[in-house]
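Just so you know, ligand 1 is whichever comes first in the structure, and atom 1 is the first atom listed for that ligand. Below, each value reflects all heavy atoms present in this structure, side chains not excepted, and no hydrogens, waters or symmetry copies.
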Amino acid sequence: MLNADIKEVVITEGQLEDKIAEIGKAISDDYIGKELVFISILKGSVIFTADLMREVSIPCSVDFMEISSYGCSTVSSGEIKVVKDLSCSIENKHVIIVEDILDSGLTLKYLVAYLKTKNPASVEIACLLNKKEGENSLKYMGFKAPHKFLVGYGLDFAEKYRNLPYIGVLKEEIYQ
Ligand code: IMP
Ligand code: MG
């Protein structure tokens, strides 16, 4: 049943499942024979990461970073901080950053530059949702997203709604 705070569902459980299977297959083909590490960006991309990894059929590992740029608001502050850093070396490894959503693109731009200083063999991005027109930095992309504040499937508003199995738009009265 639809959560009472959700105005509309924009991406269904079935659509997520199909798209993630497709991305997992593409990664499995592209990275055969390479040492692959996923870097999952906490907290929003944990659910995407968990589902994506299970669609990848080649050996791989995972590490986590936490970046803060939003706080508990629906608008980016523009200021990026590393809250949790990598726990393993990525030197000479093939990195795929796993992110929930690209909005302004600042977070991913910062992360790519940061990770490149650690001498990986390569850095690519798997991002589930993209709000930005003309963005071409995402090697693996799930869906174009509407310019609305989205929640569910890892995405939160003030730490809530991450557990919804679909992606939806919140009712305005919830964040007003
Ligand atoms: P960017 O740096 O502006 O690209 O922002 C990316 C980050 O903002 C994502 O990792 C999310 O945590 C957050 N974000 C952007 N749009 C939304 C949204 O619609 N719902 C929830 N979080 C969002
Ligand atoms: Mg995020």
Original post:
Is it true that the NZ or CZ of K84 lies under 6.0 Å from the centre of F64's six-membered ring and within 45 degrees of the ring axis?
Top reply: no

**OP:** Tell me, please, whether F157 has K160 positioned over its six-membered ring: NZ or CZ under 6.0 Å from the ring centre and within 45 degrees of its axis?
**Re:** no

Original post:
Would you say G105 touches ligand 1, if touching means a heavy atom closer than 4.0 Å?
Top reply: yes

Original post:
Within less than 4.0 angstrom of ligand 1, does K132 place any heavy atom?
Top reply: no

**OP:** Would you check, one step at a time, whether the test side-chain hydrogen bond (donor to acceptor under 3.5 Å, both in side chains) holds for D5 with Y161?
**Re:** CA-CA 9 Å; D5 297 348; Y161 310 105; 2.6 Å; yes

Subject >> Interfacing atoms of ligand 1 (cut-off 4.0 Å, heavy-atom, L150) >> reply: 18 (C), 19 (O), 20 (N), 21 (C)

**OP:** Tell me which part of L155 gets within contact of ligand 1: side chain, backbone, both or neither, using heavy atoms under 4.0 Å.
**Re:** side chain

**OP:** Using side-chain contact (heavy atoms from CB on, under 4.5 Å) as the criterion, list what pairs up with K25, not counting sequence neighbours.
**Re:** D29

**OP:** Using a strict 4.0 Å cut-off to heavy atoms of L106, name the atoms of ligand 1 that fall inside it.
**Re:** 2 (O), 4 (O)

Original post:
Got a salt bridge between E8 and K148, using NZ or NE/NH1/NH2 to carboxylate O under 4.0 Å?
Top reply: yes

**OP:** Look at ligand 1 and say whether I80 reaches it with a heavy atom at a distance under 4.0 Å.
**Re:** no

Original post:
Which of the atoms of ligand 1 are close to K148, meaning less than 4.0 Å from one of its heavy atoms?
Top reply: 19 (O)

Original post:
Can you name the side-chain hydrogen bond (donor to acceptor under 3.5 Å, both in side chains) partners of N163, sequence neighbours left out?
Top reply: none

**OP:** Decide whether the shortest distance between a heavy atom of K109 and an atom of ligand 1 is less than 4.0 Å.
**Re:** no

**OP:** Look at E133 together with K144 and state whether they make a salt bridge at an N to O cut-off of under 4.0 Å.
**Re:** no

Subject >> Plane angle bin for Y31 and Y140 - parallel if under 30°, tilted between 30 and 60°, otherwise perpendicular >> reply: tilted

Original post:
Does V151 reach ligand 1 with a nitrogen or oxygen that is under 3.5 Å from one of the ligand's nitrogen or oxygen atoms?
Top reply: no

Original post:
What atoms in ligand 1 come closer than 4.0 Å to a heavy atom of T107?
Top reply: 1 (P), 2 (O), 5 (O), 6 (C)

Original post:
Can you find an N or O of D156 that's nearer than 3.5 Å to an N or O of ligand 1?
Top reply: no

